[in-house]
Amino acid sequence: MTEKEELVKKFKLMGINEKVISAFIKIKREDFVLDEYKGEAYADVPLPIPAGQTISQPTTVVIMLDALELEEDDNVLEIGAGSGYNAALIGELCKKGRVVSIEFFKELADFAKRNIEKSKLKNVKILRGDGTKGYAKDAPYTKVICTAAIPEIPDEWVDQLEENGVIIAPVGPQYGQKMIKLKKTKKGNEITDLGDFIFVPSRGEHGYNI
Ligand code: SAH
């Protein structure tokens, strides 16, 4: 069994949504890692990408996408494009919708754009900017996903989210966060804790002071 097949088997045992698994099979993680790490593309670990950042561990990626409850026609905001891998998976899962992914470092926004081109997805837009303020221009979103650690969920993300929309983000101190699922309802925000994770820190207005 290849390493990729081993991961698929693990995800099935974890109960990850079949559509998320199909997207994982289709989108090539090797297209989103640096040349020197192509051989390790399906090791279940985060890998270095430019600007001192990382492409998240495959298991973490599918846990977050599973929790996001994506529908084909979702309008998704991602904060932290990094390699573009997660944005590509969302683009594949939301074929009739679209995803805009914001990246703080220009070097990475360019890297993500180049990588996305390989997957031929037309519904994925990568922009350089500070995603902690959201991206009002394409709002409202049905889903928001943040792939960098964030001290608290910024009000802008909730404001830019439709009713019944979902936000997934690793929230808390710089060296250890809780994965938070926020559902915006008529009665207020429902918060669920999906467990402990460690992400690279967010910069920008509502990021860490680093
Ligand atoms: N989703 C990425 C992993 C990203 S790692 C992937 O699939 O490869 C987190 C990313 O968030 C890093 O690239 C980091 O530069 C970016 N980031 C940090 N602060 C940010 C901010 N304020 N706005 C947008 N991106 C930010």
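In listed order, ligands and their atoms are each counted from 1. The first residue of the sequence shown is numbered 1, and numbering continues consecutively from there.
- Close contacts between ligand 1 and Thr54 involve ligand atoms 3 (C), 4 (C), 5 (S) [criterion: under 4.0 Å to a heavy atom].
- Scanning all protein heavy atoms for the shortest distance to atom 19 (N) of ligand 1 gives Arg203 N, 2.9 Å.
- Interface of Gly129 with ligand 1, defined as ligand atoms under 4.0 Å from a residue heavy atom, comprises 23 (N), 24 (C).
- Contact annotation: for Phe105 versus ligand 1, heavy atoms closer than 4.0 Å belong to the side chain alone.
- For ligand 1, the atoms lying closer than 4.0 Å to a non-hydrogen atom of Ile102 are 24 (C), 25 (N).
- Taking a cutoff of 4.0 Å between a charged side-chain nitrogen and a carboxylate oxygen, Asp110 and Lys106 qualify as a salt bridge.
- Classification of Glu92 and Lys26 as a salt-bridged pair holds, one side-chain N sitting under 4.0 Å from a carboxylate O.
- The two residues Pro50 and Leu34 make their nearest non-hydrogen contact at CD-CD2, 3.9 Å.
- Looking at Gly131 next to ligand 1, an N or O pair under 3.5 Å apart turns up.
- Nearest protein neighbour of atom 7 (O) of ligand 1, counting heavy atoms only, is Asn86 N, 3.0 Å.
- The only member of Ile167, Ile79, Leu65 that meets side-chain contact (heavy atoms from CB on, under 4.5 Å) when paired with Ile145 is Leu65.
- Against a heavy-atom cut-off of under 4.0 Å, Ala81 is close to the following atoms of ligand 1: 1 (N), 2 (C), 6 (C), 8 (O).
- The protein non-hydrogen atom at the shortest distance from atom 15 (O) of ligand 1 is Glu103 OE2, 2.6 Å.
- Neither the backbone nor the side chain of Ala112 comes within contact range of ligand 1; no heavy atom lies under 4.0 Å.
- For Thr59 and Asp44, the side-chain atoms include at least one donor-acceptor pair closer than 3.5 Å.
- If you check which protein heavy atom lies closest to atom 9 (C) of ligand 1, you get Thr147 O, 3.3 Å.
- By the criterion of a heavy-atom distance under 4.0 Å, the side chain of Gln53, and not its backbone, is placed next to ligand 1.
- At under 3.5 Å, a nitrogen or oxygen of Gly80, whether backbone or side chain, sits near a nitrogen or oxygen of ligand 1.
- Less than 4.0 angstrom separates some heavy atom of Ala148 from each of these atoms of ligand 1: 9 (C), 11 (O).
- Note on Lys181 versus Glu69: salt bridge recorded, some NZ/NE/NH1/NH2 to OD/OE distance being below 4.0 Å.
- Polar contact with ligand 1: present for Asp130 (N/O pair, distance under 3.5 Å).
- Side-chain polar atoms of Asn86 and Glu78 form a donor-acceptor pair below 3.5 angstrom.
- Of the polar atoms of Phe104, at least one N or O is found under 3.5 Å from an N or O of ligand 1, judged by distance alone.
- An N or O contact shorter than 3.5 Å is missing between Ser202 and ligand 1 by distance.
- Glu163 and Lys186 are joined by a salt bridge, as a carboxylate oxygen and a charged side-chain nitrogen come within less than 4.0 angstrom of each other.
- Annotation: atom 8 (O) of ligand 1 to nearest protein heavy atom, Ser83 OG, 2.6 Å.
- Which parts of ligand 1 touch Leu108 is read off a 4.0 Å heavy-atom cut-off, strictly below it: atoms 13 (O), 15 (O).
- Atoms of ligand 1 found under 4.0 Å from any heavy atom of Val200 (numbered from 1 in listed order, with element): 5 (S), 9 (C).
- Interface of Ile55 with ligand 1, defined as ligand atoms under 4.0 Å from a residue heavy atom, comprises 8 (O).
- A side-chain donor-acceptor contact under 3.5 Å links Tyr42 and Glu30.
- Contact annotation for Glu205 and ligand 1: no heavy atom of the residue comes within less than 4.0 Å of the ligand.
- Hydrophobic clustering of Ile, Leu, Val, Met, Phe, Trp and Tyr side chains at less than 4.5 Å, counting indirect connections, keeps Ile153 apart from Tyr208.
- Between the side chains of Thr142 and Asp74, at least one donor N or O sits under 3.5 Å from an acceptor N or O.
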